2 protein chains.
Amino acid sequence: MDDPRNPTAPRAFEQPIVTVDIVLLTLMEDELCAALLQRARPPHLGEWTLPGGFVHTDTDEDALAAATRILETKAGVESPYLEQLQTFSGRHRDSRGWSVSIAYYALVSHQTLQRPGESATDASPLKWRAVDSIRSLPFDHRDILRAAVDRVRSKTLYSSLPVHLMPLTFTLSQLQSVYEALLRTELDKRGFRRRIEELDVVEPAPQQPTTRGAHRPAQLYRVKRKAANGVAIADRNLTR
Amino acid sequence: MDDPRNPTAPRAFEQPIVTVDIVLLTLMEDELCAALLQRARPPHLGEWTLPGGFVHTDTDEDALAAATRILETKAGVESPYLEQLQTFSGRHRDSRGWSVSIAYYALVSHQTLQRPGESATDASPLKWRAVDSIRSLPFDHRDILRAAVDRVRSKTLYSSLPVHLMPLTFTLSQLQSVYEALLRTELDKRGFRRRIEELDVVEPAPQQPTTRGAHRPAQLYRVKRKAANGVAIADRNLTR
DNA sequence: TGAATAGTGTCTGTTAGACATTATATG
DNA sequence: CATATAATGTCTAACAGACACTATTCA
């Protein structure tokens, strides 16, 4: 952590710009969608980018706090599932100079977003686009988006991460649909339920099941408190 | 990526310090060891820390290049396996101010380090310590070390990552010993070889097997070129 | 030939995938 | 009672774990 050329002046040379960018994801009509914001100033004025902003060293405790602040302020989203993704850096990714972007990804339920009088699209120019239809973005935001989508789809293979895309209560059939949309494949009902039970992250909700049609109503589930932020990793293979 | 308070001056407020820290790991006598360097200036002058340094915006293309430079310059290590770990940040982790550390982890073969006339301990005050014996480190370096060790051990469960701790050629028995040391458990020989074959990352070396004792000599293997940086992830579960 | 390690064969309990059956609601 | 979706039962092929056996070298 030293500057070898200036032993007595550790901050003698130009420091990079430090920003936080967030890939905010939700599921709408079986499509994984990312939130984009219209830039209010240059560079890339008027273009659509991932929500992001400078780290405020005067008020942010750390980068996670900056990400939380940016999500609330610029996207109107509170307390979603939020996890650090990867840090992107370099001389050429931002025309303003050598820059660092600490990238996060966030998952929200689309239903939860649409609270009365607080629609995200009211306060700010925010739009949702299907991630597979996004061909290019300013800066290196397409790389960041791609990394986040790959991460979420990869974790869907072996973890309960997608529960954070669900509303407060949901049925197992709905949860299965979400997994199927993310993985773009069909899953076997019995196998899916076995796996979800093993992961031990959801529990029956106390509410009564409400029926929607001429058929047996489905049990409502909710995310277990303790497991809300945990990610289960298969600890099989190679070990015995 | 804007400063909302200073629309025309995007870099108006204090930027964080940006550093790179590296958890350099190797295996010595069945113990996972990390490289520590003695700090040449304050803060924490004289204490042992992870190798690290400021990003040089004038010469480093990106953070990975900075990590490579620091490894070569300060630890005398060239072209190891190197991967971004996680970024640590905040107001209090460094007494010099709000700081960002883009952390990497690197794997090297201990045998490869000891080339004649280039011992790492010659040029710099570098020492290797068993990771499980390291109780405290300056800054938040113990957290960084812990994250790296957890990551390596976790990846050992399902990937071929540990091949990067091996010398140029090695036997499957030696590779199994490395896995066993990392996982701190014994593995079944048959199952281990089945799995390594599935991962498809090593191939028989052209060299003749050399025998070491009154027993059948072992086939020497080497890492496949194409797979040198790839990490295999089990794509089973939940999918059919 | 015995000792030591390398390498392969193979049995078996477990389980994931596939599909069948039962349960419960409405009209 | 027909129908639609929920929930569970169960068969089987595949595989991971366990262990036995063969191979090859040197003393």
Side-chain angles (χ1 to χ4, degrees), chain A residues 30 156-160 166-167 169-181 183-222 232-240, chain B residues 30 156-160 166-167 169-181 183-222 232-240:
Chain A
D30 284 354
T156 301
L157 286 169
Y158 60 85
S159 85
S160 62
M166 307 303 293
T169 62
F170 51 88
T171 71
L172 291 184
S173 297
Q174 287 168 345
L175 183 60
Q176 181 173 344
S177 291
V178 168
Y179 272 76
E180 289 174 337
L183 298 175
R184 291 169 292 188
T185 184
E186 295 203 338
L187 300 173
D188 178 75
K189 194 207 289 198
R190 201 72 181 83
F192 179 77
R193 285 167 186 237
R194 263 199 299 248
R195 179 56 54 99
I196 294 299
E197 192 168 20
E198 276 170 20
L199 291 175
D200 194 36
V201 286
V202 300
E203 62 189 2
Q207 304 160 255
Q208 291 304 314
T210 54
T211 178
R212 292 254 170 227
H215 54 79
R216 176 173 176 178
Q219 173 67 50
L220 288 172
Y221 285 80
R222 64 182 179 193
I233 296 208
D235 60 351
R236 269 178 271 109
N237 310 341
L238 284 170
T239 57
R240 66 161 156 175
Chain B
D30 283 353
T156 301
L157 285 170
Y158 60 86
S159 85
S160 61
M166 307 302 293
T169 62
F170 51 89
T171 71
L172 291 184
S173 297
Q174 288 168 344
L175 184 60
Q176 181 172 345
S177 292
V178 168
Y179 271 76
E180 288 173 338
L183 297 175
R184 292 169 291 189
T185 183
E186 294 204 337
L187 300 173
D188 177 75
K189 195 208 290 197
R190 201 73 182 81
F192 179 77
R193 286 168 186 235
R194 263 199 299 248
R195 178 56 54 101
I196 294 300
E197 191 168 21
E198 275 169 20
L199 291 175
D200 193 37
V201 287
V202 300
E203 63 189 1
Q207 304 158 256
Q208 290 304 314
T210 53
T211 181
R212 293 251 171 230
H215 54 79
R216 177 174 176 176
Q219 173 68 50
L220 288 171
Y221 285 81
R222 65 182 178 193
I233 296 205
D235 59 350
R236 269 176 272 108
N237 310 341
L238 284 171
T239 57
R240 63 161 157 176

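A quick note: this is a predicted structure, and the numbers were derived from the prediction, not measured. Below, each value reflects all heavy atoms present in this structure, side chains not excepted, and no hydrogens, waters or symmetry copies. Order of the sequence lines fixes the chain letters, A, B, ..., with proteins taken first and strands second; residue numbering starts at 1 for each chain.
Atom CZ in Phe192(A) sits about 14 Å away from atom C1' in dA6(D), given to the nearest Å. Across the protein-nucleic acid pair, Ile196(A) atom CD1 and dA7(D) atom P stand 14 Å apart, rounded to whole Å. Between Arg195(B) atom CZ and dG17(D) atom C1' the separation is 12 Å, expressed in whole Å. Distance, Arg193(B) CZ to dA16(D) P: 17 Å, rounded to whole Å. Between His215(A) atom NE2 and dT26(C) atom C1' there is a gap of 9 Å when expressed in whole angstrom units. In this structure, Asp188(B) places its CG atom 11 Å from C1' of dA20(D), rounding to the nearest Å. For the pair Glu198(B) CD and dG17(D) P, the computed distance is 11 Å after rounding to whole Å. The distance between atom CG of Leu172(B) and atom P of dA6(C), rounded to the nearest whole Å, is 9 Å.
For Glu197(A), there are no side chain to side chain donor-acceptor pair (under 3.5 Å) partners two or more places apart in sequence or in a different chain. For Arg222(B), the salt bridge (charged side-chain N to carboxylate O under 4.0 Å, His left out) partners at least two apart in sequence or on another chain are Glu203(B).
In the set dT8(C), dA16(C), dT24(D), the nucleotide with an atom closest to the side chain of Pro217(B) is dT24(D).
Two residues, Leu220(A) and Ala214(B), neighbour DNA chain D, and the one matched to the more 5' nucleotide by heavy-atom proximity is Leu220(A). Residue Gln219(A) is the one, among Lys189(B) and Gln219(A), whose nearest nucleotide of DNA chain D lies closer to the 5' end (criterion: closest heavy atom).
For dG17(C), its base sits under 3.5 Å from the side chain of Arg194(A) at one donor and acceptor pair at least. For Arg190(B) and dG9(C), a side-chain-to-base donor-acceptor distance below 3.5 Å is present, hydrogens and geometry of angles not being considered.
Side chain of Gln176(A) to backbone of Leu187(A): a donor-acceptor contact under 3.5 angstrom is found.
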>> Run Arg195(A) and Ser160(A) through side-chain contact (heavy atoms from CB on, under 4.5 Å) and show every step you take.
In response: CA-CA 9 Å; Arg195(A) 179 56 54 99; Ser160(A) 62; over 6 Å; no
